[in-house]
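Convention: sequence-line order gives letters A, B, ...; per-chain numbering from 1. Fair warning: this is a prediction, and the values are worked out from it, not measured in the lab.
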Protein chains: 2
Amino acid sequence: MENRFVEKATGAISDKYRLAILLELSRKGSLTSTDVQELTGLSQPCVSHHVKLLTDSGLVDSKKEGRNVHLSLNKTCIQQLSDFIEKLT
Amino acid sequence: MENRFVEKATGAISDKYRLAILLELSRKGSLTSTDVQELTGLSQPCVSHHVKLLTDSGLVDSKKEGRNVHLSLNKTCIQQLSDFIEKLT
DNA sequence: CAAATACATTTAAACTTTTAAATATTTGGT
DNA sequence: ACCAAATATTTAAAAGTTTAAATGTATTTG
């Protein structure tokens, strides 16, 4: 397990908007960037920036379909992070 | 589970020095602030600041004994964070 | 009680992150 | 081909974080 992954992934979670996105993805399974804009009330470029942090961290996958981006959780990656943290104990 | 806890705890982890402290605490069980200074090579005030972030987040406990501070992992808290992340999947 | 040790606080500079406005790109519908 | 919709990029300002120097506060030891 790479420390750099853990730093990026925890950094991606540690923001109220990004945490809200992760929780909503967990509830709904998938979201578009427009959904995220409605969810957070942030400007479109700002949403684009937060989404990029989430996808760059590996926690979120994005798939472009037509002009929409479909976001979903990368469950493997989330499980890896959870396991890493649990193993600290 | 409070989102604010998750934000603070993940924020506390998402730094190379603080992650190194957590890993060393995991290996060794406990450390003093002086140990952390040796581990990281950071200045004493800077160590004091990072240790404060870790203890404020709840992930690390500190107990003052004489003039030393003994740091240790709060395993309950770490387990709670791990569980929260796992439940996203 | 004086000196030394361990740690905390204050301050200020350097750096990073967050945000939105402006603009660009890509795709879909007419 | 044109227009609208969805998203990305660039830029710049505001806010937050990280760092160390200087200083402060307990606590132990001689």
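Nucleotide C:dT19 holds its P atom 17 Å from the NZ atom of A:Lys52, rounded to whole Å. Whole-Å rounding puts the A:Glu7 CD to C:dT17 P distance at 11 Å. As rounded to whole Å, 18 Å separates atom P of D:dA14 from atom NE2 of A:His49. Atom CG of A:Asp56 and atom P of C:dT17 are 12 Å apart (whole Å). For the pair B:Asp35 CG and C:dC7 C1', the computed distance is 13 Å after rounding to whole Å. Nucleotide C:dC7 holds its P atom 14 Å from the NZ atom of B:Lys63, rounded to whole Å. Remark: C1' of D:dA5 and NE2 of A:His70 are 13 Å apart, rounded to the nearest angstrom. Put simply, CG on A:Leu19 is 17 Å from C1' on C:dT18, counting in whole angstrom units.
Checked against D:dT7, D:dT19, C:dA6, the side chain of B:Cys46 finds its nearest nucleotide in D:dT19. Among C:dA22, D:dA4, D:dT18, the nucleotide with an atom closest to any side-chain atom of A:Pro45 is C:dA22. The nucleotide whose nearest atom lies closest to any side-chain atom of B:Leu42 is, among C:dT9, D:dA8, D:dA20, D:dA20. Of all nucleotides listed (C:dG29, C:dC7, D:dA8), D:dA8 comes nearest to the side chain of A:Val69. Looking at the side chain of B:Tyr17, the nearest of the listed nucleotides D:dT19, C:dT9, D:dT7 is D:dT19.
Residue B:Leu53 is in sugar-phosphate contact alone, with no base atom involved, counting any heavy-atom pair closer than 4.0 Å across all strands shown. In this structure, B:His50 reaches the sugar-phosphate backbone alone: every heavy-atom distance under 4.0 Å involves primed, P, OP1 or OP2 atoms, never a base. Within 4.0 Å of A:Thr34, counting heavy atoms only, lie sugar-phosphate atoms of the nucleic acid but no base atom. At a threshold of 4.0 angstrom between heavy atoms, the contacts of B:Ser43 include nucleobase atoms, whether or not backbone atoms are also involved. Here A:Ser48 lies in heavy-atom contact (under 4.0 Å) with a base.
In the hydrophobic cluster analysis, where Ile, Leu, Val, Met, Phe, Trp and Tyr join through side-chain heavy atoms closer than 4.5 angstrom, A:Leu53 is grouped apart from A:Leu23. With hydrophobic clusters built from ILVMFWY side chains whose heavy atoms lie under 4.5 angstrom apart, A:Ile13 shares a cluster with A:Leu39.
The minimum heavy-atom distance between A:Thr55 and A:Ser62, with the atom names listed, is CG2-CB, 4.0 Å.
Under the side chain to side chain contact (heavy atoms under 4.5 Å, CB included) test applied with B:Val60, the options B:Leu22, B:Ile78, B:Ile21 reduce to a single match, B:Leu22.
At a cut-off of 3.5 Å, with distance as the only test, no side-chain donor of A:Glu7 or A:Asn3 sits close to an acceptor on the other residue.
Where the helix from C:dC1-D:dG30 to C:dT30-D:dA1 starts and where it ends, the local axes point in directions that differ by 30°; five pairs per end, rounded to 10°.
Applying the 4.0 Å criterion to OP1 and OP2 of C:dA4, one finds that B:Arg67 has every side-chain N and O outside that range.
Taking 3.5 Å as the limit, the base of C:dA8 and the side chain of B:Gln44 contain a donor-acceptor pair of atoms between them.
No side-chain heavy atom of B:Pro45 sits less than 4.5 Å from a side-chain heavy atom of B:His49. Counting heavy atoms from C-beta outward, B:Asp35 and B:Leu71 have side chains that stay 4.5 Å or more apart.
Nearest-nucleotide assignment on DNA chain C puts the 5′-proximal partner with A:Gly11, out of A:Glu65 and A:Gly11.
One N or O on the side chain of B:Thr40 and one on the backbone of B:Val36 form a donor-acceptor pair closer than 3.5 Å.
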